[in-house]
**Q** 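Below are the structure tokens for one structure; questions will follow.
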Amino acid sequence: MTSQNIYILGIESSCDDTAASVMHNGRILSNVVANQKIHEAYGGVVPELASRAHQQNIVPVVDQALKKANITKDQLHAIAFTRGPGLMGSLLVGTSFAKSLAYGLNIPLIDVNHMQGHILAHFIDEDGFDKPPFPFLAMTISGGHTQIVKVDYYFDMTVIGETIDDAVGEAFDKSGKILGLGYPAGPEIDKRAKLGNPKAFTFTKPRVDGLNFSFSGFKTAVLYFIQREVKANPNFIEDRLNDICASIQYTIIGILIDKLKQAVKDTGITHIAIGGGVSANSGIRQALKDGEQKFGWSTYVPKFEFTTDNAAMIAIVGHLKYLEQDFAEQDVLASARLKI
Ligand code: KG4
Ligand code: ZN
């Protein structure tokens, strides 16, 4: 076996997506994700249901990932899995499955930090996508995370800012719920924001020290604003939905960009890599592009399928750790609050 011929299976089960991916020498051969539709009816992820759905999905998802990659499990060199952070019941399914598969095949087991996965997804070999040079700032924004991380090298990372309450995706989703939009509401708010006036309404930005974020007060501000306006005009939401969405999105983007500007100022680093489901937002992408002109940033956004929760990002971390022979023992435990 040469270092030029490595097959890694990545498994991700930290929240509500069951995912498996096969990587060959840093390139993705397959990337399978089973989304759990069941949570839509509840307007958010229900941990018990997520865990049960992972149990049902994991075998067919892994099977499909191997089939799509056109390899058999005997060709694998290692099994990489998400150890944390995430929902304990969800993590346990992926962890125990990965352990038994690695044990049965007698190949190394590699534990992966989900947040490092979001960041190192930028290093998947993919035509047309540049890899950020070290050092860079990674901003991971999704329904579960909001972090700014200083990345000096693959496994030399420091969290320099994070949310003290809700994640930015929750700010989108909870605002959307107040407006009667479906879950998750982020994509719909994005779509409507394009048709509305971002300055129609103003929401005060939370004041949080340093590079940390807070979004729980923002959601309450949206709720009180809507309640007040609906009292005066019962059709307010229907009449002004696009303007409301545009104003909500504008405020959220402002919060993110202000902190990024501060992070660039504090660190002197101008390479910015974003990841997580919210990085699909067209307004955020535009604001980052504008930052290239205005502030001399260079920005990196991975291919979309590698930015929401997926197993390709787990496989790339597995690949990088495999090169360093950094393996886990069979007694490794899932960790809901695993830190970078
Ligand atoms: O990474 P992801 O698929 O799952 C995790 O939360 O880990 O992110 C989902 C989040 C949801 O909150 C969703 O509303 C948000 O990403 N999202 C968006 C957009 N697309 C997805 N938020 C704003 N604009 C979008 N275009
Ligand atoms: Zn995630």
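Counting starts at 1 for both ligands and their atoms, following the listed order. Note: hydrogens, waters and symmetry copies are ignored here, and every other heavy atom, side chains too, is used. For the single chain, residues carry numbers from 1 onward in sequence order.
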**Q** Assess the pair Phe236 and Phe201: is the distance between their ring centroids shorter than 6.0 Å?
**A**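 They qualify: ring centres under 6.0 Å apart.
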
**Q** What are the two closest heavy atoms between Gly117 and Met313, and how far apart are they?
**A**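 Scanning both residues completely, I find the closest heavy atoms to be O-CB, 3.2 Å.
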
**Q** Can you tell me the protein heavy atom closest to atom 9 (C) of ligand 1 and the distance?
**A** Gly143 N, 3.8 Å

**Q** Could you tell me the residue and atom name of the protein heavy atom closest to atom 8 (O) of ligand 1, and the distance to it rounded to 0.1 Å?
**A** Gly277 CA, 3.4 Å

**Q** Could you tell me whether Tyr153 and Phe123 have their ring centroids closer than 6.0 angstrom?
**A**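 No, the ring centres sit 6.0 Å or more apart.
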
**Q** Would you compute the distance between atom CE of Met115 and atom OG1 of Thr140 and round it to the nearest 0.5 angstrom?
**A**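 Separation between the atoms: 4.5 Å.
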
**Q** Among all protein heavy atoms in this structure, tell me which lies nearest to atom 7 (O) of ligand 1, with the distance rounded to 0.1 Å.
**A**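 Of the protein heavy atoms, Asp309 OD2, 3.1 Å lies nearest.
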
**Q** In terms of residue, atom name and distance, what is the protein heavy atom nearest to atom 15 (C) of ligand 1?
**A** Val278 CG2, 3.8 Å

**Q** Side-chain atoms of residues 218-232: list all donor-acceptor pairs with protein atoms under 3.5 Å, sequence neighbours left out, distances to 0.1 Å.
**A**
{"unit_1": "Lys219", "atom_1": "NZ", "unit_2": "Asp166", "atom_2": "OD2", "d": "3.3"}
{"unit_1": "Thr220", "atom_1": "OG1", "unit_2": "Ser216", "atom_2": "O", "d": "3.0"}

**Q** Quick test: of every protein heavy atom, which one is nearest to atom 12 (O) of ligand 1, and how far off is it to 0.1 Å?
**A**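 Sorting protein heavy atoms by distance from atom 12 (O) of ligand 1 puts Asp173 OD2, 2.6 Å first.
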
**Q** Among the clusters formed by ILVMFWY side chains lying less than 4.5 Å apart, do Phe306 and Leu320 turn up in the same one?
**A**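 Same cluster.
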
**Q** For the side chain of His122 and the backbone of Ile274, is there at least one donor-acceptor N/O pair under 3.5 Å apart?
**A**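 Looks like yes, one N/O pair under 3.5 Å.
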
**Q** Can you list the ligand 1 atoms lying under 4.0 Å from a non-hydrogen atom of Pro184?
**A** 13 (C), 14 (O)

**Q** Can you label the angle between the Phe295 ring and the Trp297 ring as parallel, tilted or perpendicular, going by 30° and 60°?
**A** tilted

**Q** For the side chain of Ser51 and the backbone of Gly89, is there at least one donor-acceptor N/O pair under 3.5 Å apart?
**A** yes

**Q** For ligand 1, is there an atom lying under 4.0 Å from some heavy atom of Gly144?
**A**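 Checking ligand 1 against Gly144, which is what was asked, there is a heavy-atom contact under 4.0 Å.
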
**Q** I'd like to check which ligand 1 atoms, numbered from 1 as shown, lie under 4.0 Å from a non-hydrogen atom of Ser142.
**A**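 Near Ser142, the atoms of ligand 1 are 1 (O), 5 (C), 6 (O), 7 (O), 8 (O).
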
**Q** Starting from atom 3 (O) of ligand 1, locate the nearest protein heavy atom and write down its residue, its atom name and how far away it is, to 0.1 Å.
**A**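 Answer, as residue, atom name and distance: Thr308 CB, 3.4 Å.
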
**Q** Using the ring centroid of each side chain, check whether Phe129 and Tyr300 are separated by less than 6.0 Å.
**A** no

**Q** Excluding waters, which protein N, O or S atoms are within less than 2.8 Å of the Zn ion (ligand 2)?
**A** His114 NE2, His118 NE2, His145 NE2, Asp309 OD1

**Q** Given Asn281, Asn310, Ile141, Val33, which one has a non-hydrogen atom that is nearest to atom 24 (N) of ligand 1?
**A** Asn281

**Q** Give the atom numbers and elements of ligand 1 that come within less than 4.0 Å of a heavy atom of Gly186.
**A**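 Those qualifying, in numeric order: 14 (O), 18 (C), 19 (C), 22 (N), 23 (C), 24 (N), 25 (C).
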
**Q** At their closest point, which heavy atom of Ala312 faces which heavy atom of Met23, and how far apart are they?
**A** O-CE, 4.4 Å

**Q** Taking all heavy atoms of His319 and all of Asn25, pick out the closest pair and write down the distance.
**A** CE1-CA, 3.5 Å

**Q** Would you mind running through ligand 1 and noting each atom that sits below 4.0 Å from a heavy atom of Gly169?
**A**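 So the answer, numbered in order with elements, is 12 (O).
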
**Q** At under 4.0 Å between heavy atoms, is it the side chain or the backbone of Asp190 that contacts ligand 1, or both, or neither?
**A**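 The answer is the side chain of Asp190.
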
